[in-house]
Amino acid sequence: MTDSSLPPLDLSPEFVEAARTSKAWPFEEARKLVKRVEKRDPSQPVLFETGYGPSGLPHIGTFGEVARTTMVRTAFRLLTEDKIPTRLLCFSDDMDGMRKIPENVPDRAALEPYLQMPLTVVPNPFGGEHKSFGDHNNAMLRRFLDTFGFDYEFASATEYYKSGKFDEILLTAVAKYKELMAVMLPTLGEERQATYSPFLPISPISGRVLYVPMKDVNGKDGTITFEDEDGSDVTLPVTGGNVKLQWKPDFGARWAALDVDFEMFGKDHGPNMPLYDKISKVLGAKPPEHFVYELFLADDGSKISKSKGNGLSIDEWLTYAPTESLALYMFQKPKTAKKLYFEVIPKAVDEYFTFAQKYADMPVEQKLQNPAWHIHSGAVPAIDMPVPFAMLLNLVSASNAENKDVLWAFITRYAPGVTADTHPHLDALVGYAIRYFDDFVKPNKSFKTPDEVELDALKTLDVSLAALPADADGAVIQDAVLDVARQIERYQDPKKKSPDGGPGVSVAWFSALYQLLLGQEKGPRFGSFVALYGIAETRALIAKALAGAHTA
RNA sequence: GAGCCGAUAGCUCAGCUGGUAGAGCAACUGACUUUUAAUCAGUAGGUCCAGGGUUCGAACCCCUGUCGGCUCACCA
C-alpha cells in the first residue's frame, strides 16, 4: 500500500478555501493537525495510527476506527492541498501475552501450554499457512481492511520489537526509568505499586511475558534484572525483543518512537490519555493529537458485549446493507453514544444514497459537510437511486418476492425504465432486500390451515387459474379470482355489487388467500401479484396449501 | 468517586455560524383499486428537562440543578 492508491482529491481553490472553515468534524480534527505540523519540514510524512489488539477478530469498532481516521486523513490532505505526505499505520499488538484462550478457536485445550506467551509464539489453532495465532489474526485484520479498500500500512509489534525499531526508545525508557515510574505509580493501587514495572521481560526459560518487579534497571547498559520463573535472577538487554513494554508505557513509547501525529480511540481509553501523553513526553516526544469517540450501545441502551450477543456485528450489518451505509453511521456523531441495532440500517442506507445523490448539485461548503465526501475520500460516485431501501423492504414482504426477478418485476412496474442493468446500485439493494426477506420475513410467516370451505375454494381457484393463458394480465386474473369467490357464500358481501348485479366479494376472501398462501395477514393486489409471480408458481403455492405443506 | 455524552412530536432522531420548531416511522383522512399491499396527497401532534443569565431576539451561548446512559478505578 502506498500513497498512490489513495484516490485523487479535488484540490481546486474553492475546496481548499471551504475546508478551512468547514464544520464537519474531520476538518475540525485535521485543522489541529495542520497547526501541529505547520512549522515542520513538509517532506516529513504525517503519521496516523490505529491500534489493534490481536487477541480477537476484527469487529465493527475496528472498521469504525480505521474509517474515521481515514476521514481525518482525507480532510488533512485537502487542507494542505496534498502537499504533505500522509501515512496510516495499523499497528497490531501481537507481542502481547495471550492472557486467556479465546472462545472461538478449535481445540482450546491445545493452547493451554501457551498461555501468557506472545501471540506470535502461540501456534495457530486454525492451522493453515500462518505460523502463529498472532500471524493468523494479523492476516484476518489485513484481509478485513483490504475488503474495504482502506489505504494503510500494517505494522506488527513483534516485528518492530525484534528488528530493533524500538531499541532506541527502549534504551531511553531504561535511562528514564525513574521518571516513568513517577508517572505511573501514582495512578496505581497500593498492591500494584509494589510490583509494577513498565518493562515486561520475555522469560528466556518459559517464553512467557512476565509481570514481575524489577530488581535492577541499568540505564548505562540498557539492561534489566528480574527473577525468572525458576527463581533465578536474570539480566536481559531491553533491546532486540527481549523485553516489551507494559500497556500504558507501550502506548506512549510507540508514539514517541514512530513520531505518531494522530491517533483516535474509544472512550474506554479516554482517562488514560493524559498518562500516555506524559509517558510520551518523558521519552522526548510531542504526543499526537487525539480524538476520543463514543462506544456503541445496544438498542436498550446497554453496552454491547460479544458474549451477550446484543447489538449488531459488522457481519450482520454487511449482510443486509452496503458498506457505505456503515461508513455513514461511523461518520455521524462520533462523540455521542449511538444505538446499534438492526432498525438503524435501512435509515443509514437511504440517507447515504440521498447524500450521494445530492452531492453533485451542492455548493462547495455543503459538499464538504456531505458525509458522502468523507465516506468516499472526496471521490463521490454519481448514483441514481430511484427507489429507497425502506420501500424495498416493505415491498419485498408485500410482494412475497423470494428472488430478485420477482422483486425487480414489481420495481419496474413502479419505476418504468429502471432495471438491474441501468441501476446496479439498486440491484445490490434488491439483493439485500431478498436476504432480509429470507431471514426476517420468511421465518415469521404463519400459514393458516385450510378448513373445508377454504379447501374447496382453493381447488376451484386452481382450476380457474389453470384455464387462463400463461401470459394473462393482472386484470384478467383478478376477475378470475373474484369469480371464484362469488360462488362461495362465505366470501359474498351484500354491500358490494358484482358487475352483473349480484353480491360483491368480501375482503375476507383476500385475507384468506394471504393467510393460506403467503402466510401473512396482508398482501399484494392479488391479480397483479399472480401476473408478476407467475400463474404456475401461484398454483404451486395452492398445491402446497392443499397438501398442508405450509403448516408443516 | 472522577470523566464523557445525552434530554426536541407517541417512537427514533435532524436542527450547520443564535432569527417565528423539522424529517422518518406510528396515528388519522383521502386518492388509486368492483375488494387487500406497496404507492401518492393531506391532517393532526411539541412549555425544545427545569431554573437563572447574556441578547432586540436562545432549542442553540454561559451558569446551576434534575433525570438517564456510558467509561474508568484489576487487565488490555
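Just so we're on the same page: letters track the sequence lines, and every chain starts at 1. What you see is a predicted model, and the numbers here were worked out from it, not measured in a lab.
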Item to check | RNA chain B contacts made by residues 350-366 of chain A, counting heavy atoms under 4.0 Å | outcome: none
Checklist outcome for this item: To the nearest angstrom, the CG-C1' distance between A/L275 and B/A2 comes to 15 Å
Next on the checklist: If I take atom CG in residue A/L297 and atom P in nucleotide B/G68, what distance separates them, rounded to the nearest angstrom?
Outcome noted: 16 Å
Checklist entry - Reading nucleotides 5-10 of chain B from the 5' end, what letters show protein touch, with B for base, S for backbone sugar-phosphate only, - for no heavy atom under 4.0 Å? => result SS----
Next on the checklist: Using heavy-atom distances to pick each residue's nearest nucleotide on RNA chain B, tell me which of A/H269 and A/Q478 is more 5'.
Outcome noted: A/Q478
Checklist entry - So which heavy atom on A/V418 is nearest to which on A/W408, and how close? => result O-CZ3, 3.6 Å
Checklist entry - Do A/H290 and A/W255 have their ring centres less than 6.0 Å from each other? => result yes
Next on the checklist: Counting primed atoms plus P, OP1 and OP2 as sugar-phosphate and everything else as base, spell out the protein contacts along nucleotides 25-31 of chain B at 4.0 Å heavy-atom distance: B, S or - for each nucleotide, 5' to 3'.
Outcome noted: -------
Checklist entry - Can you tell which of A/Y432, A/F440, A/F389 makes a ring pair (Phe, Tyr, Trp, His ring centres under 6.0 Å) with A/Y320? => result A/F440
Checklist entry - Within the pair A/Y211 and B/A76, is there a side-chain N or O less than 4.0 Å away from OP1 or OP2? => result yes
Checklist entry - Can you check whether A/R486 has a side-chain N or O nearer than 4.0 Å to OP1 or OP2 of B/U34? => result no
Item to check | Below 4.0 Å: OP1/OP2 of B/C13 and any side-chain N or O of A/Q332 | outcome: no
Checklist outcome for this item: By nearest-nucleotide position on RNA chain B, the 5'-leaning member of A/N394 and A/G189 is A/N394
